[in-house]
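Report on the structure given below.
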Amino acid sequence: MELTPKADFAPRVLNWFNQHGRKNLPWQQDKTPYRVWISEIMLQQTQVATVIPYYQRFMASFPDVFALAAAEQDDVLAHWSGLGYYARARNMHKAAQQLVNDWDGEFPQTQEGVCELPGIGRSTAAAILSISRGQQTAILDGNVKRVLSRYHAIPTWPGEKKTENAMWQLAESYMPAERCGDYTQAMMDLGATLCTRSKPQCLLCPLQRDCDGRISGDPTLFPVKKPKKADKPVKHTQMLVLISDHGILLEKRPATGIWGGLWSLPEIDNHADVALETEQRFPVSIDSVTPLPQFRHTFSHYHLEIRPQRLEVQANDTIGEDKYQWFNLEQALSLGLPAPVRTILEGLTL
DNA sequence: AAACCGGGGAC
DNA sequence: GTCCCAGGTTT
């Protein structure tokens, strides 16, 4: 995919930011890497209005990376309580300790370095470095993806690797050499306030005159939706867990096809009567039948709903066909088993 | 209920 | 490297 940058992009965005951008949010004062970092993590998951009080409480308790690193995890999580995504708070806490231990509490100077910290990827690293240090590193968050996919009427889903790569290239080519932090902030503001998912305000947009998405007549066609993955068909089966004095009965699968050559449990049609079918197929006498919990196993192109049935039986030590064999549980678990079969056997209490 | 979200982690 | 998930929110 090839996308050609257009002229005069950043100046228009920056000029719009001068007039309409937000400049008085708490994290826009004293823009240290630490303060910008915390704000970016909070803003990844939550809107500005909600974040503000959380941010202020957080900064009051953990004013710098040393305070955060020294804090108890429970205390950090308490300050996060209500924001959700607690893994991000745990990552932040871990990253703070990494910064103190490995970097004397200073953020690395390179994007790659910042990306080493847990919870910080390429885009968040770029936001931190551009806003706090004025470095020329481009972000590509949801806002920027929306702006770029509309401005260029990008016809493919941004989740595709090649689309995403092309968008990163565009993002970097538009990042100016001056006012890098303002530009990053401007792009986020543009996406959040004008170029919104629905009802974009094109008439107020500094990019309207050559925005291919607007010119197409319907900017909300972009970014194009994720292709509906024709949801996988669901198949159903019953697996027989025959248990006798000789162990558990396994069936060797044919060499080719699904689970080729593996030892599996005998299967019967989902609607078949378990006792009837079992007595027809196997020379056994059934003492009891117990349904085990049903569960789903997913393959690349379908789901398999498995209903395991446990049967206590009396039987001879051989079934009469080579492909069937009794194994004790330990032997069975040492075999090559399909994952769902292993799951069933591991959950068995004999 | 369906899309979306950045990063982590499995493969 | 690539794909998919966890754990949420917004539309």
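The basis for the numbers below is simple: all heavy atoms, side chains too, and nothing from hydrogens, waters or symmetry mates. Predicted model, so just to flag it, every value in this text is computed and none were measured. Each chain gets a letter, A, B and so on, in the order its sequence line appears, and its residues count up from 1.
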#### Entry: Nearest listed nucleotide, side chain of A:Q44, among C:dC3, B:dG7, B:dA3
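Of the options given, the side chain of A:Q44 lies nearest B:dG7.
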
### Task
Please determine, for the side chain of A:K161, which listed nucleotide (C:dC3, B:dC5, B:dG6) has the closest atom?
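For A:K161, the side-chain atoms sit closest to C:dC3.
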
#### Entry: Residues within residues 189-201 of chain A bordering DNA chain C, heavy-atom distance below 4.0 Å
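Hits under 4.0 Å, by residue number: A:R197, A:S198.
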
### Query
With sugar-phosphate meaning primed atoms plus P, OP1 and OP2, does A:T124 contact a base, only sugar-phosphate, or nothing at under 4.0 Å between heavy atoms?
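Sugar-phosphate: the residue A:T124, judged by heavy atoms under 4.0 Å, touches backbone atoms but no base.
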
### Query
Do A:F17 and A:Y183 have ring centres separated by under 6.0 Å?
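No, the ring centres sit 6.0 Å or more apart.
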
### Query
Given that A:G159 and A:R90 both sit by DNA chain C, which one's nearest nucleotide is further toward the 5' end?
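The 5'-side residue here is A:G159.
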
### Query
More 5' along DNA chain C: A:Q47 or A:N165, using each one's nearest nucleotide?
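Result of the comparison: A:N165.
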
### Message
Can you check the distance between C:dG1 and B:dG6, where both ends of the measurement are the P atom (answer in whole Å)?
### Response
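Rounded to whole Å, the distance is 23 Å.
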
### Query
Roughly how far apart are A:F58 CZ and A:W80 CH2, rounded to 0.5 Å?
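Going from the CZ atom of A:F58 to the CH2 atom of A:W80 covers 6.0 Å.
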
### Task
Look at the rings of A:F9 and A:Y174 and say which category their plane angle falls in: under 30° parallel, 30 to 60° tilted, over 60° perpendicular.
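Plane angle under 30°, so parallel.
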
### Query
What orientation do A:W16 and A:H20 show, parallel under 30°, tilted 30 to 60°, or perpendicular over 60°?
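Geometry flag for A:H20 against A:W16: tilted rings.
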
Distances under 3.5 Å between nitrogen or oxygen atoms of protein and nucleotides 8-11 of chain B:
{"from": "B:dG8", "atom 1": "OP1", "to": "A:G119", "atom 2": "N", "distance (Å)": "2.2"}

### Task
May I ask you to decide whether A:K6 forms a salt bridge with A:D212, counting only side-chain N to carboxylate O separations under 4.0 Å?
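Judged by the 4.0 Å cut-off on N to carboxylate O distance, A:K6 and A:D212 do form a salt bridge.
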
### Message
Let's test your reading of the model: under 3.5 Å, does the base of B:dG6 pair with the side chain of A:R122 as donor and acceptor?
### Response
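Not at all, since no donor on one side and acceptor on the other fall under 3.5 Å apart.
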
